[in-house]
J.: 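Structure below; questions to follow.
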Amino acid sequence: MRFLRLATLACICGTLALSGCTGSTNGAPAAGSVAARIAQPPQNCINPLLEFVSDSTSGDVYVYNGSSPGACLVISNLPKAKGMDVNSSGTLYVASAAAHSIVVFKAPYTSVSQVISDGPRAPGDVALCKGYIAAPNLTTNTITIFSYAGAILRILAAHSGSQELFATCDSAGNLYTDGTLGGATYVAEFKSGKGAPISLSSVASAVTKPGGLEWEQNALWIDDQSGLSISIWPAPFSTAAKTIHLSGALDPIKFEIAPSDGKILSADAGLDRAVFYDLAGSPTGALNPFVGGGSLVGANFNKDDSP
């Protein structure tokens, strides 16, 4: 399939620069090569509700208009694009692990509006919280806390030996992360995004392989990549209120609930598809990436009703 290059963005240097702005970082493209390309006529991306799916292998974020299985826009050259989050204005934040940064796009998502550097760390996800941004680091047991201007406010330490993977926040600004510790699932809460971690052992013991987290309907939702399910945990997180088994899933990584609360969008690395499910876990549709054999990670809508 041929692509029309829409924009090649100037290198962003200074306080919010990507590492290696004039060259490459760990073999990744320089910041100046981040670009957007159109796969279908651009009017196909003009829709009140859009979906985003990130591919860590290709370094692309695919944008869909919800009415076609093919993407209407591809944001290219985001090395090891991992988890994403979207604010109430539809601004997209992408964790680019190999570029050690959070890269920000405003609608119509054809140019970079901000680059938030995470120093030497490798952010695997991004959570937009009340008063701060959180980025769990794949190579350490830490979570970087940024201001929305991009300054590092503090670095939280999870339990020693843990690997942090994904994060979300509730409406009060409490931070929840998951990952692994000694081969087992690890889930923690950081009150107001500060201080020491509080282990959520009941949640962790019920999840075989942790995937994405979402705070929705006053509860913590957590994906189980091996269990092919999403369980729902209201505070105090001692018992799951419900478990949604994702029919036909192979390796669901991250997910988001639609603003209508009626469907789930799940990035499935095993299927190489982003799949829509109803809240009973039945598939109702799929979004197809441009390139097969990737590793899908993030799945988001351009609107959200939580936290």
J.: Could you tabulate the donor-acceptor pairs under 3.5 Å formed by side-chain atoms of residues 222-230, not counting sequence neighbours?
T.:
| residue | atom | partner | partner atom | Å |
| --- | --- | --- | --- | --- |
| D223 | OD1 | Q225 | N | 3.4 |
| D224 | OD1 | K209 | N | 3.2 |
| D224 | OD1 | S226 | N | 3.1 |
| D224 | OD1 | G227 | N | 2.8 |
| D224 | OD2 | T208 | N | 2.8 |
| Q225 | NE2 | P210 | O | 2.9 |

J.: Could you grab the distance from atom CG of N141 to atom CD of Q163, nearest 0.5 Å is fine?
T.: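 The CG atom of N141 sits 10.5 Å away from the CD atom of Q163.
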J.: Counting N and O atoms only, with roles assigned by atom type, does the side chain of S147 sit under 3.5 Å from a partner on the main chain of A149, one being a donor and the other an acceptor?
T.: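 Pair found, side chain donor or acceptor close to backbone of A149.
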J.: Could you tell me which residues satisfy side chain to side chain donor-acceptor pair (under 3.5 Å) with W221, sequence neighbours excluded, listed by chain and number?
T.: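 Result, side chain to side chain donor-acceptor pair (under 3.5 Å) vs W221: none returned.
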J.: My understanding is that only residues two or more places apart in sequence, or in another chain, count here; which of them pass side chain to side chain donor-acceptor pair (under 3.5 Å) with D178?
T.: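 Per chain and number, D178 pairs via side chain to side chain donor-acceptor pair (under 3.5 Å) with no residue.
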J.: Hydrophobic clustering (ILVMFWY, side-chain heavy atoms < 4.5 Å, transitive) - are V207 and V187 grouped together?
T.: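 Yes, it is one cluster - the side chains of V187 and V207 are joined through contacts under 4.5 Å.
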J.: Is any side-chain heavy atom of I155 closer than 4.5 Å to a side-chain heavy atom of I145?
T.: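 No, side chains not in contact.
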J.: Give the cluster check for I198 versus V203: same hydrophobic cluster or not, with ILVMFWY residues linked at side-chain heavy-atom distances below 4.5 Å.
T.: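 No, it is not one cluster - the side chains of I198 and V203 are not joined through contacts under 4.5 Å.
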J.: Got a sec, which residues hit side chain to side chain contact (heavy atoms under 4.5 Å, CB included) with P234, two or more places apart in sequence or on another chain?
T.: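 Partners of P234 under the side chain to side chain contact (heavy atoms under 4.5 Å, CB included) test: A219, A241.
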J.: Look at the side chain of D170 and the backbone N and O of N174, then say whether any donor-acceptor pair between them is shorter than 3.5 Å.
T.: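 Pair found, side chain donor or acceptor close to backbone of N174.
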J.: Are V297 and L78 connected, step by step, through hydrophobic side chains (Ile, Leu, Val, Met, Phe, Trp, Tyr) whose heavy atoms are closer than 4.5 Å?
T.: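 Different hydrophobic clusters.
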J.: Nearest 0.5 Å please: distance from the NZ atom of K242 over to the CD1 atom of I244.
T.: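 Atom-to-atom, K242:NZ and I244:CD1 are 4.5 Å apart.
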J.: Does L92 reach the side chain of V61, with side-chain heavy atoms less than 4.5 Å apart?
T.: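 SC-SC contact between L92 and V61 confirmed.
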J.: Side-chain heavy atoms nearer than 4.5 Å, only ILVMFWY residues, links allowed to pass through others: does that put I152 and L156 together?
T.: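 The answer is no; the residues belong to distinct hydrophobic clusters.
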J.: Do you know which two heavy atoms are closest between G270 and D251, and how far apart they sit?
T.: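 Scanning both residues, the minimum pair turns out to be N-CB, 3.5 Å.
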J.: Under the ring-ring contact (aromatic ring centres under 6.0 Å, His included) test, which residues partner Y132, sequence neighbours left out?
T.: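 Here no residue qualifies.
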J.: Apply side-chain contact (heavy atoms from CB on, under 4.5 Å) to residues V74 and V63 and explain how you reach the verdict.
T.: CA-CA 6 Å; V74 180; V63 186; over 6 Å; no
J.: Is there a side-chain contact (heavy atoms from CB on, under 4.5 Å) between F105 and I75? Walk through the geometry before answering.
T.: CA-CA 10 Å; F105 299 85; I75 304 171; 3.4 Å; yes
J.: Please assess R121 against T139 for the test side chain to side chain donor-acceptor pair (under 3.5 Å), listing each intermediate value before the final yes or no.
T.: CA-CA 7 Å; R121 291 166 291 275; T139 56; over 6 Å; no
J.: Do F146 and L153 have side chains that approach each other closer than 4.5 Å (heavy atoms only, starting at C-beta)?
T.: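 Answer no - side chains too far apart.
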J.: With a 3.5 Å distance limit and no angle check, can you tell me whether K254 reaches the backbone of M84 through a side-chain donor-acceptor pair?
T.: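 Yes, the answer is positive, given that a donor and an acceptor are paired below the 3.5 Å cut-off.
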J.: Taking atom types as modelled and ignoring hydrogens, do the side chains of D278 and T284 form a donor-acceptor contact shorter than 3.5 angstrom?
T.: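 There is no such pair (donor and acceptor under 3.5 Å, judged by atom type) between the side chains of D278 and T284.
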J.: Hey, does D125 have a side-chain heavy atom less than 4.5 Å from the side chain of K82?
T.: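 Result no, sub-4.5 Å side-chain heavy-atom pair not found.
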J.: Can you tell if the side chain of D261 reaches within under 4.5 Å of the side chain of Q217, non-hydrogen atoms only?
T.: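 They are in contact (side-chain heavy atoms under 4.5 Å apart), so the answer is yes.
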J.: Short question: side chain of T180, backbone of A184 - any donor-acceptor pair under 3.5 Å?
T.: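 The answer is no, because no donor-acceptor pair under 3.5 Å joins these two groups.
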J.: Mind listing the closest non-hydrogen atom pair of S231 and A240 along with its distance?
T.: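 Smallest heavy-atom distance, with atoms named: CB-CB, 4.5 Å.
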J.: Distance check, rounded to the nearest 0.5 Å: S260 atom OG versus K303 atom NZ?
T.: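 Rounded to the nearest 0.5 Å, the OG-NZ separation comes to 11.5 Å.
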J.: Identify the two heavy atoms, one from L50 and one from Y109, that lie closest to each other, and give their separation to 0.1 Å.
T.: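 Smallest interatomic distance, heavy atoms only, reads CD1-CE1, 3.9 Å.
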J.: Quick one: which residue pairs count as a ring pair (Phe, Tyr, Trp, His ring centres under 6.0 Å) with a foot in residues 166-214, not counting sequence neighbours?
T.: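 Of all non-adjacent pairs touching residues 166-214, those that pass ring pair (Phe, Tyr, Trp, His ring centres under 6.0 Å) are H159-Y186, Y176-W215, Y176-F237.
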J.: Going through the checks in order, is the side-chain contact (heavy atoms from CB on, under 4.5 Å) test met by R273 and N288?
T.: CA-CA 5 Å; R273 300 283 187 274; N288 302 325; 2.6 Å; yes
J.: Does one side chain, of T177 or E164, offer a donor that lies under 3.5 Å from an acceptor on the other?
T.: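 On atom types as modelled, these side chains qualify, holding a pair under 3.5 Å.
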J.: Closest heavy-atom contact between L271 and A249?
T.: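 For L271 and A249, the tightest heavy-atom pair comes out as CD1-CA, 4.3 Å.
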J.: Heavy atoms, side chains only, cut-off 4.5 Å: are T243 and I232 in contact?
T.: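 No, every pair of side-chain atoms sits at 4.5 Å or beyond.
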J.: Do the side-chain N and O atoms of D118 and S101 include a donor-acceptor pair separated by under 3.5 angstrom?
T.: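 The criterion, which ignores hydrogens and geometry beyond distance, is not satisfied for S101 and D118.
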J.: How far apart are the C-alpha atoms of L265 and Y277, what are their side-chain angles, what is the distance that settles it, and do they pass the side-chain contact (heavy atoms from CB on, under 4.5 Å) test?
T.: CA-CA 7 Å; L265 177 63; Y277 296 92; over 6 Å; no
J.: According to a hydrophobic-cluster definition based on side-chain heavy atoms being under 4.5 Å apart (Ile, Leu, Val, Met, Phe, Trp, Tyr only), do L287 and F301 belong together?
T.: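 L287 clusters together with F301.
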J.: With rounding to the nearest 0.5 Å, note down the distance linking CG in L296 to OG in S54.
T.: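 Going from CG on L296 over to OG on S54, the span is 7.5 Å.
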J.: If I compare all heavy atoms of Y62 with all of A71, which pair ends up nearest, and what's the gap?
T.: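 The pair with the smallest heavy-atom distance is CB-CB, 4.1 Å.
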J.: How about D85 and N300: do any of their side-chain heavy atoms sit closer than 4.5 Å?
T.: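 Yes; the side chains approach each other to less than 4.5 Å.
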J.: To the closest 0.5 Å, what do you measure between CG (D55) and OG (S295)?
T.: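 Output value for this atom pair is 6.5 Å.
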J.: Closest approach of H100 and G119, non-hydrogen atoms and distance?
T.: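 Minimum heavy-atom separation between H100 and G119: CB-O, 3.1 Å.
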J.: Does some side-chain heavy atom of F52 sit less than 4.5 Å from a side-chain heavy atom of V94?
T.: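 In short, these two side chains do not touch, never coming nearer than 4.5 Å.
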J.: OG of S266 to CD1 of I253: how many Å apart, nearest 0.5 Å?
T.: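 If we round to the nearest 0.5 Å, S266:OG and I253:CD1 are 8.0 Å apart.
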